[in-house]
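What you see below is based on every heavy atom in this structure, not just the backbone, and it leaves out hydrogens, waters and symmetry mates. Residue numbers start at 1 and run along the sequence shown. Ligands are counted one by one from 1 in listed order, and the atoms in each one are counted from 1 as well.
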Amino acid sequence: MNKSDILNLLLLPDPEPLYQEADYCRKQNMGDDVYLRGIIEFSNICVKDCHYCGIRSSNTDVKPYRIPDNEIIETCQKMVVWGYTSVVLQSGEDPFYTTEKLTHLIKTIKATTPLAITLSVGERNEATYRAWKEAGMDRYLLRFETSNPKLFQESHPDDDLTNRLECLEILRRMGVQVGSGFLIGLPNETLEQLAEDILFCTQLDLDMIGIGPFIAHPNTPFSSQSNPFSPDIFYKTIAILRLINPRAHIPATTAFDAIDPKGRNRVLQRGANVFMPNATPMAYREHYQLYPGKPCISESSDDCAGCVKGRLKRLGRTIGNDAGHSLKNPLR
Ligand code: SAM
Ligand code: SF4
Ligand code: FES
């Protein structure tokens with residue numbers, strides 16, 4: 001598909017045939033298994049100030065926390081019982097977590113559980129990524145957020161797009177499975193730009209494509225910005241991504257449930273094959289509010305484990321019992 005094909009699909013008045021085609025494509029290429037990757041939001045402390053994010057450093061209304069290592073490891077052990085096969089360790093860009101500290105954590109999780117490990121802790125240097133890879137990190141998740149350098153600059157006072165893309169390239173070269181993606185509907189984004197972001201994911205040949213709608217957080221510079229697109233555009237974006245990346249893992253990300261309580265279910269029926277249940281211990285959840293309406297804040301990790309199984313059963317899907325590694329490049 002080229003840009004104008006994508007624009008035509010984004011403008012389709014009746015999206016149902018597109019959704020059905022994407023669901024069929026997912027079934028043919030990825031099967032009915034949904035991989036469960038439990039996410040632990042282990043620190044909400046961030047030195048950066050991204051204009052959209054509820055835990056940005058300038059939002060002093062956030063109560064800071066760091067989850068002690070033993071609690072993270074206990075949670076990982078519970079994940080195995082819940083049937084999850086990967087853990088995603090996510091945080092703000094928190095300098096407390098040095099290369100050595102996370103190396104130690106990765107090694108301990110690897111020594112005590114069979115879980116695959118994804119890290120999502122922002123931009124770091126090559127030596128750090130290498131140390132984590134050698135310790136057992138399987139995957140890394142770092143969204144490019146937008147492929148437009150100007151829009152990127154307008155929402156990231158501390159970063160530049162070139163550096164972020166360089167991080168993704170470094171990770172790919174060292175054989176880490178790479179996940180990236182974008183925010184749908186950042187302020188000033190056009191439908192044309194959205195088409196470009198979709199194409200950019202394919203260009204990056206990602207192992208995993210994670211996208212989600214931008215949702216304005218009240219304590220951020222983007223508080224008064226509404227998303228320029230409708231939910232149909234969000235879902236069409238998932239469907240198109242599936243059609244042009246048949247073998248990529250695509251998660252039903254949490255933000256879809258914030259715009260519609262059935263959002264993640266719909267995404268699973270429109271191309272997605274991964275679910276990332278919240279596994280952050282309950283006491284911390286309310287302090288990791290990236291955007292308003294984030295689901296699962298007052299539920300426990302046990303509740304989410306039960307909920308996700310019910311959802312998948314009702315959708316006629318099965319739970320993947322292997323690690324769900326990249327199908328695109330067996331070397332990674
Ligand atoms: N600090 C790391 C980073 O930025 O890559 C990982 C944590 S960050 C909170 C994870 C993701 O949250 C970001 O990639 C961003 O797309 C998403 N996010 C932050 N604020 C959001 C908002 N207001 N609406 C939707 N998604 C948001
Ligand atoms: Fe920090 Fe990530 Fe939020 Fe940016 S998106 S402020 S890097 S936690
Ligand atoms: Fe958390 Fe449904 S996934 S309560």
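The contact set between ligand 1 and L183, taken as ligand atoms under 4.0 Å from a residue heavy atom, comprises 16 (O), 25 (C), 26 (N), 27 (C). Counting atoms of ligand 1 from 1 in the listed order, those under 4.0 Å from a heavy atom of S120 are 6 (C). Close approach of ligand 1 to S91 (heavy-atom distance below 4.0 Å) involves ligand atoms 1 (N), 2 (C), 6 (C), 7 (C). For ligand 1, the atoms closer than 4.0 angstrom to any heavy atom of P213 are 24 (N), 25 (C). Below 4.0 Å from some heavy atom of L142 lie the following atoms of ligand 1, by number and element: 5 (O).
Protein contacts to atom 4 (Fe) of ligand 2 involving N, O or S atoms at a distance below 2.8 Å are C50 SG.
Atom CE in M137 sits 8.0 Å away from atom OH in Y129 (nearest 0.5 Å). Within the model, atoms CD of E74 and CD1 of I67 stand 11.5 Å from one another, a figure rounded to the nearest 0.5 Å. A distance of 5.0 Å separates CG of L142 from CG of L168, quoted to the nearest 0.5 Å. S326 contributes atom OG, which lies 9.0 Å from atom CZ of R247 (distance to the nearest 0.5 angstrom).
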Stepwise side chain to side chain donor-acceptor pair (under 3.5 Å) test for D257 and T254
CA-CA 6 Å; D257 266 12; T254 314; over 6 Å; no
T318/D32 under side chain to side chain donor-acceptor pair (under 3.5 Å): CA gap, chis, key distance, verdict
CA-CA 6 Å; T318 43; D32 280 334; 5.7 Å; no
Give the intermediate values and the outcome of side chain to side chain donor-acceptor pair (under 3.5 Å) for residues R270 and T237.
CA-CA 9 Å; R270 292 162 185 182; T237 302; over 6 Å; no
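The pair R139-D207 fails the salt-bridge criterion, with no side-chain N (NZ, NE, NH1 or NH2) lying under 4.0 Å from an Asp/Glu carboxylate O.
Counting only heavy atoms of the protein, atom 17 (C) of ligand 1 lies nearest to R143 NH1, 3.8 Å. Protein heavy atom nearest atom 9 (C) of ligand 1, with residue, atom name and distance: L290 CD2, 3.4 Å. Closest to atom 20 (N) of ligand 1 among all protein heavy atoms lies Y52 CD1, 3.3 Å. Atom 24 (N) of ligand 1 has its closest protein heavy atom at I215 N, 3.2 Å. Among protein heavy atoms, atom 10 (C) of ligand 1 sits closest to Q90 NE2, 3.7 Å. Nearest to atom 13 (C) of ligand 1 among the protein's heavy atoms is E145 OE2, 3.3 Å.
In F182, neither the side chain nor the backbone holds a heavy atom less than 4.0 Å from any atom of ligand 1. By the criterion of a heavy-atom distance under 4.0 Å, neither the backbone nor the side chain of A255 is placed next to ligand 1. When non-hydrogen atoms are compared, ligand 1 lies under 4.0 Å from neither the backbone nor the side chain of K48.
Taking a distance limit of 4.0 Å, we find that atom 4 (O) of ligand 1 is approached by no protein heavy atom. Checking atom 2 (Fe) of ligand 2 against the protein gives no heavy-atom contact under 4.0 Å.
Using modelled atom types and a 3.5 Å distance limit, the side chains of Q193 and S147 yield a donor-acceptor pair. Residues T280 and N278 have side chains that bring a donor and an acceptor to within less than 3.5 angstrom of each other. Side-chain atoms of N273 and H249 include a donor-acceptor pair closer than 3.5 Å.
No heavy atom of C50 sits closer than 4.0 Å to any atom of ligand 1. Using a non-hydrogen distance threshold of 4.0 Å, G181 does not register as a contact of ligand 1. In this structure, Y288 is part of the shell of residues with a heavy atom less than 4.0 angstrom from ligand 1. For H217, the closest heavy-atom approach to ligand 1 does not fall below 4.0 Å.
Taking a heavy-atom cut-off of under 4.0 Å, ligand 3 is surrounded by R264, C296, E299, C304, C307.
Using the six-membered ring where Trp is involved, F144 and F182 have ring planes that are tilted, between 30° and 60° apart. A perpendicular orientation is assigned to the rings of H156 and Y52, their planes being inclined by more than 60° (bins at 30° and 60°). Relative orientation of the Y288 and Y65 rings is tilted, given thresholds of 30° and 60° on the angle between their planes.
Hydrophobic clustering (ILVMFWY, side-chain heavy atoms < 4.5 Å, transitive): V87 and L36 are in one cluster. Criterion: ILVMFWY side-chain heavy atoms under 4.5 Å apart, direct or through other members. Under it, L191 and I6 are part of a common hydrophobic cluster.
Annotation: side-chain hydrogen bond (donor to acceptor under 3.5 Å, both in side chains) contacts involving residues 109-123, sequence neighbours excluded, comprise Q90-S120, K110-D138, E123-N163, E123-R164.
Cation-pi contact between R66 and F96: present, with separation from the ring centre below 6.0 Å and deviation from the ring axis of at most 45°.
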Could you list the donor-acceptor pairs under 3.5 angstrom formed by side chains in residues 208-219, with sequence neighbours left out?
{"unit_1": "H217", "atom_1": "ND1", "unit_2": "N219", "atom_2": "N", "d": "3.0"}
{"unit_1": "N219", "atom_1": "ND2", "unit_2": "N59", "atom_2": "OD1", "d": "3.2"}
{"unit_1": "N219", "atom_1": "ND2", "unit_2": "D61", "atom_2": "OD2", "d": "3.1"}

